[in-house]
Amino acid sequence: MSTPYHPESVEKTAREYWENSRCFEVEEDPDKDKFYCLTMFPYPSGKLHMGHVRVFTINDVIARYQRMQGKHVLNPMGWDAFGMPAENAAIKRGVPPAKWTYDNIDEMRSQLKRLGYAYDWSREVTTCRPEYYRWEQWLFTRMFEKGLVYRKNSVVNWDPVDQTVLANEQVIDGRGWRSDALVERREIPQWFMKITAYADELLDELERMPGWPDSVKTMQRNWIGRSEGVELAFDVQGEAEPLTVFTTRPDTLFGVTYMAVAAEHPLAARAAAIDPGIAAFIEDCKKTDAAEATLETMEKRGMPLGISAIHPLTGQEVPLWVANFVLMSYGTGAVMAVPGHDERDWEFAKKHDLPIVQVIRPADGSEIDIDAAVYVEKGICMNSGEYDGLGFDDAFNAIADHFERSGRGRRTINYRLRDWGVSRQRYWGTPIPIIYCDDCGAVPVPAEQLPVVLPEDVEFTGHGSPLKDIPEFIKAACPKCGADARRETDTFDTFVESSWYFARYACPDNDTRMLDERAAYWMPVDQYTGGVEHAILHLLYSRFFQRVMRDEGLTDVSEPFTNLLTQGMVLKDGAKMSKNKGNTVDPQELIGRYGADTVRLFMMFAAPPEQALEWSDAGVQGSFRFLKRFWSAVIAHTEQGPVSDLDPAAMNDAHKALRRKTHQTIAKISDDIGRRYTFNTAVAASMELLNAVNRLDDTSATGRAVVHEALEAVVLMLSPIVPHVCHALWQELGHEDALIDQGWPQVDDDALVADLIEVVVQVNGKLRGRLSVPADADNDTVSAQALADPNVQRFVGEDAIRKIIVVPGRLVNIVV
RNA sequence: GCCCGGGUGGCGGAAUUGGUAGACGCUGCGGACUUAAAAUCCGCUGUCCGAAAGGACGUGCCGGUUCGAGUCCGGCCCCGGGCACCA
């Protein structure tokens, strides 16, 4: 073996070994303890970026570590291949989305291979292939039969100049990104999946998911937003239909001084027909994009409709307004306003001079001025007729009972979660398998006619979906009556593909069933790793889809991901490094210069996985330097010839100290990688151990045996992170068997025993001295020794000692 | 606006259960090697006072609990992620 570290040849050798021995291809084996290790699959945007390298390396470290623990590891890779960037590339460069996508996949696959990831490539999944998406089309038709999908109108961003639907990210400050035209909200019919039917289960199961971060569970809980309240009917003057509203605060019902409906509400439309001012206001309300953040931050505006509702308890007239912050698609499209006890209602009432009535007083008896500040806490009812004096729960129940008895309302549970709109007016996606027949309506495509294949050779103009211009695609016979009918031209939201790919990795080649018994073996995913930006949408949709597949009899598993690790982003100059912002560092260039191991090492060393990672070119060089030091330390050791077995009796204090350090480090790194996932501290501990090895300048037989043990431990423990160099160094250390088949090193508890330990001494909590004491010294002995320390004496002086706190093995605190 | 994170030296970070703040690495400075440079190796590197021993201060800001707070509690400020059509 040549002496200097040449990453290129070292990595090529290791890569070829893994490839030739096919050691990462796994089959189902019931006798083995399976471990399914997965990352969120990438969108094939062109080249790998550092965010990819980070998450894939984290995953690879876990996969290789679990393998060394004796687990039967499945670690697959695939492509989330449908999506907007392919269409944008097609418009910009005239490349068909399919060709652009397949070229990108080829490029990125070769990059992944160069990074040495332990993937089972035989299971690769590509979502834009009909053999993949046919099964989600099939599941959609099953959901259709069960009533789990339905069609209704919903809002999109409409660009009136380009005559096309825009994604939220294509709307910049309320204008279309290409046309610069003011974007309008427009309602069109779209397909929805009933995720709300699973809302309670998705919420409740979070309580039994200890392997997920609390932050993600909290976000999902808040997103589902279950609230218990009452639905109430208000009669409207001159209208036959009452206006229904939902409230979680029926105890404040007597404080209702106005009501508001959405701009799209029929009552608003009727008022607009006779009042041009209202009509103009409603038109104006539509000139905003559909994003929630926009609606929540924009100025709250409204207009009186000139009609009144009747308060169901007092019989008083309550003016009805139309307001831009009430949305037709949320709840009933109408809200009751209690300005005394709701922040937004209070501000709106102040602005429009609407009355504010106090109907709740603080339970502690304190006085408040409802005109000066809103009071949103729960308290005691007042100005509420027969309900005066009741607390929240009593008032809630009394009022709810009253409405249920009179049939004018009912207790109900409301969710913030809305059904999942899956229709996209785009070309590069899975065709929604529906045929529209003039007589039979929307008819799902029968299973034997699936897949509905997306034509890949299309003319791409950028104005609307090209599917609308392909008569052969649109023309279809109605599956029910055989009459001429039209095929749906909308495609699925790409979150549909990513909601079940993890299960399909188990059986990607099955062309007769969506999932088979192999999925029963591998599912659920034991460790799932991906960006925290997916904490809600992708993970919630996947949990939903898993349950839909379960209820279809395809699997027994309800929760797809047992353990979740959300990695932070890769930042450069404090900003997210991403394809959209163009502030990327090219991994390929770094691999060419330093090798894959250096890039992997820097990624793992620079920050713990959950935190954002700030990119540093100097840090990469530091990682490269470490690998060179690592390499030469092993070479310097092996050049001295064979090593004899370690004779414990022959060890001096320095030998014992190094051996203790070796086994302390094994214990620490096992914990860091196996439990804490703090790969940065695992790397730091390896560096410390290697520094300790280099400091022990001892060529005696015992010295070399202790060093040998330490070096083998470092090679084994760093191998999940820098597998290529460790593959070579393992051979250098004299082993015939490949490193990939080795087990994780074991701690020798005997080596951990120390005779003396250091204890710090504090006076009144401030550090004043250090002691070396026998490991088995009792508290009194340690206290006495602490008091004898000259510097400690200086600070204790003549003062009376009030208390001495001894934390065994750590510190003594003398309180005076 | 709402929900979830984060804030520690010149920089990335460590401190795992309330017990030594700054491990490990980077940068910088000094030195060795070299004709020279690169590479490599050795030393120093939170701020202030001090010749040193040592001391004072110090984990975004303000306050609290505790023998002891980066860690717990209350109130703020700033930065990042998500907000349903980016993936």
Side-chain angles (χ1 to χ4, degrees), chain A residues 4 40 42-43 45 80 83-85 156-157 165-171 213-216 218-219 221-223 225 290-298 300 325 343-344 416-421 423-426 493-495 498 531-538 540-541 566 568-569 571 574-576 578-580 602 605-608 610-623 625-626 628-629 632 668 671-672 675-676 678 680-681 683-688 691 758-768 770 791 794 802-805 807 810-816:
Chain A
M40 295 175 188
Y43 178 79
S45 52
D80 188 13
M84 269 201 330
V156 294
N157 299 310
V165 175
L166 297 179
N168 284 336
E169 76 157 8
Q170 296 173 319
V171 180
D214 289 336
S215 58
V216 174
T218 304
M219 279 192 267
R221 217 171 272 130
N222 293 337
W223 185 262
E292 193 194 71
T294 310
L295 297 164
E296 290 278 341
T297 49
M298 71 188 177
K300 308 288 183 290
F325 56 84
E343 185 88 45
R344 190 180 65 190
R416 210 188 73 96
L417 179 70
R418 309 195 303 263
D419 278 335
W420 178 12
S423 296
R424 295 292 179 271
Q425 296 70 46
R426 303 192 198 292
D493 176 6
T494 57
F495 275 124
S498 58
V532 67
E533 64 272 22
H534 295 294
I536 295 173
L537 293 180
H538 161 59
L540 198 60
Y541 292 148
T566 54
M569 280 159 303
L571 308 179
K576 179 178 179 177
S578 76
K579 55 184 181 287
N580 290 339
F602 172 72
F605 182 52
E610 308 235 46
Q611 268 181 44
L613 182 153
E614 178 69 34
W615 185 259
S616 157
D617 290 323
V620 178
Q621 284 182 44
S623 294
R625 265 201 298 276
F626 170 74
K628 284 195 283 188
R629 278 202 302 277
S632 39
K668 170 155 180 64
D671 189 45
D672 284 352
R675 179 182 65 88
R676 297 209 301 154
T678 52
N680 56 327
T681 55
V683 173
S686 302
M687 289 173 168
E688 278 191 66
N691 290 344
E758 190 188 64
V759 167
V760 299
V761 187
Q762 298 180 336
V763 179
N764 288 340
K766 292 198 183 236
L767 180 69
R768 300 301 180 192
R770 293 164 197 280
N791 200 45
R794 247 180 76 203
R802 290 202 290 154
K803 204 199 278 192
I804 297 181
I805 292 150
V807 181
R810 298 214 76 138
L811 64 72
V812 181
N813 188 13
I814 298 161
V815 185
V816 298

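In what follows, chains are A, B, ... by sequence order, proteins preceding strands, each numbered from 1.
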Report summary line: note: A/Lys766, atom NZ; B/G58, atom C1'; distance rounded to Å ~ 11 Å
Query raised in the report: With nearest nucleotides of RNA chain B determined for A/Gln621 and A/Arg794 from heavy-atom distances, which residue corresponds to the more 5′ nucleotide?
Result: A/Gln621
Query - Atom pair distance, as rounded to whole Å: CG in A/Asp672 and C1' in B/A15 - result: 12 Å
Query raised in the report: When you check the glycosidic angle of B/G9, does it come out syn, meaning within 90° of 0, or anti?
Result: syn
**Report entry** Atom pair distance, as rounded to whole Å: CD in A/Glu610 and C1' in B/G12
**Finding:** 18 Å
Query raised in the report: In terms of ring plane angle, is the pair A/Tyr541 and A/Trp420 parallel, tilted or perpendicular, where the classes change at 30° and 60°?
Result: parallel
Query raised in the report: Does A/Asn168 have a side-chain nitrogen or oxygen under 4.0 Å from the phosphate oxygens OP1 or OP2 of B/A84?
Result: yes
Query raised in the report: Okay, side chain of A/Asn791, backbone of A/Arg768: is any donor-acceptor separation there less than 3.5 Å?
Result: yes
Query raised in the report: Looking only at heavy atoms, what is the nearest atom pair of A/Gly765 and A/Asn813, with distance?
Result: N-OD1, 2.9 Å
Report task. Report the base-pairing partner of B/C83 (Watson-Crick or G-U wobble, both distances below 3.5 angstrom), or none. Result -> B/G1
**Report entry** Polar pair under 3.5 Å, donor/acceptor by atom type, side chain A/Arg770, base B/U20
**Finding:** yes
Query - Presence of A/Lys628 side-chain N/O under 4.0 Å of B/U40 phosphate oxygens OP1/OP2 - result: yes
Query raised in the report: When we call it a touch if two heavy atoms are under 4.0 Å apart, what does A/Ala291 touch: a base, just sugar-phosphate, or nothing?
Result: sugar-phosphate
Query raised in the report: So what does A/Val760 hit on the nucleic acid, given a heavy-atom distance under 4.0 Å: a base, only sugar-phosphate, or nothing?
Result: base
Requested in this report: Select one nucleotide: of B/G1, B/U20, B/G12, the one nearest the side-chain heavy atoms of A/Leu767.
Outcome: B/U20
Requested in this report: Examine B/C24: is either OP1 or OP2 under 4.0 Å from a nitrogen or oxygen in the side chain of A/Asn691? Give yes or no.
Outcome: no
**Report entry** Selected nucleotide, minimal atom distance to A/Glu758 side chain, candidates B/G1, B/U20, B/G19
**Finding:** B/U20
Query raised in the report: Given atom CZ of A/Phe605 and atom C1' of B/G13, what is their separation to the nearest angstrom?
Result: 8 Å
Report task. Between B/U16, B/C26, B/A87, spot the one nearest the side chain of A/Ala618, thanks. Result -> B/C26
Query raised in the report: What are the two closest heavy atoms between A/Gly531 and A/Met40, and how far apart are they?
Result: N-SD, 3.7 Å
Query raised in the report: Using a cut-off of less than 4.0 Å, is there contact between a side-chain N or O of A/Arg424 and OP1 or OP2 of B/C85?
Result: yes
Query - Short side-chain donor-acceptor distance under 3.5 Å, A/Asp80 and A/Ser498 - result: no
Query raised in the report: Does any donor-acceptor pair link the side chain of A/Arg675 with the base of B/U16 at a separation under 3.5 Å?
Result: yes
Query raised in the report: Is the shortest side-chain N/O distance from A/Gln611 to OP1 or OP2 of B/G13 below 4.0 Å?
Result: yes
**Report entry** Phosphate contact (B/U27 OP1 or OP2) by A/Arg625 side-chain N/O below 4.0 Å
**Finding:** yes
Report task. Look through every strand shown and name the nucleotide pairing with B/A69 as Watson-Crick or G-U wobble, where both distances are under 3.5 Å. Result -> none
Query raised in the report: Is there a donor-acceptor contact under 3.5 Å from the side chain of A/Asn764 to the main chain of A/Val816?
Result: yes
Report summary line: Picking from B/G55, B/C3, B/G25, the nucleotide nearest the side-chain atoms of A/Met687 would be B/G25
Query - Integer angstrom distance from the P of B/A21 to that of B/U59 - result: 13 Å
**Report entry** Closest listed nucleotide, where the reference is the side chain of A/Tyr541 and the choices are B/A84, B/G1, B/G13
**Finding:** B/A84
Report task. Please work out if A/Glu292 contacts a base, only the sugar-phosphate, or nothing of the nucleic acid, heavy-atom cut-off 4.0 Å. Result -> base
Query - Base of B/C67 paired with side chain of A/Asn813 (donor-acceptor, under 3.5 Å) - result: yes
Query raised in the report: If pairing requires Watson-Crick or G-U wobble contacts with both distances under 3.5 Å, which nucleotide is the partner of B/C26?
Result: B/G10
Requested in this report: State whether the distance check finds a donor on one side and an acceptor on the other, under 3.5 Å, for side chain A/Gln425 versus base B/C85.
Outcome: yes
Query - Any strand: nucleotide that pairs with B/A38 via Watson-Crick or wobble, under 3.5 Å - result: none
Query raised in the report: A/Asp493 side chain: which of B/C86, B/C67, B/C85 is closest?
Result: B/C85
Report summary line: Answer for the Watson-Crick or wobble partner of B/G54, both distances under 3.5 Å, is B/C49
Query raised in the report: OP1, OP2 of B/A84 versus side-chain N and O of A/Arg416: anything below 4.0 Å?
Result: no
Query raised in the report: Between B/C67, B/A23, B/G81, which nucleotide gets closest to the side-chain atoms of A/Ala684?
Result: B/A23
Query raised in the report: Would you say a side-chain N or O of A/Ser616 is under 4.0 Å from OP1 or OP2 of B/C26?
Result: no
Query raised in the report: Side-chain N or O of A/Asn791 less than 4.0 angstrom from OP1 or OP2 on B/G55?
Result: yes
Report task. Give a yes/no on whether any side-chain N or O of A/Arg768 is located under 4.0 angstrom from OP1 or OP2 of B/A56. Result -> yes
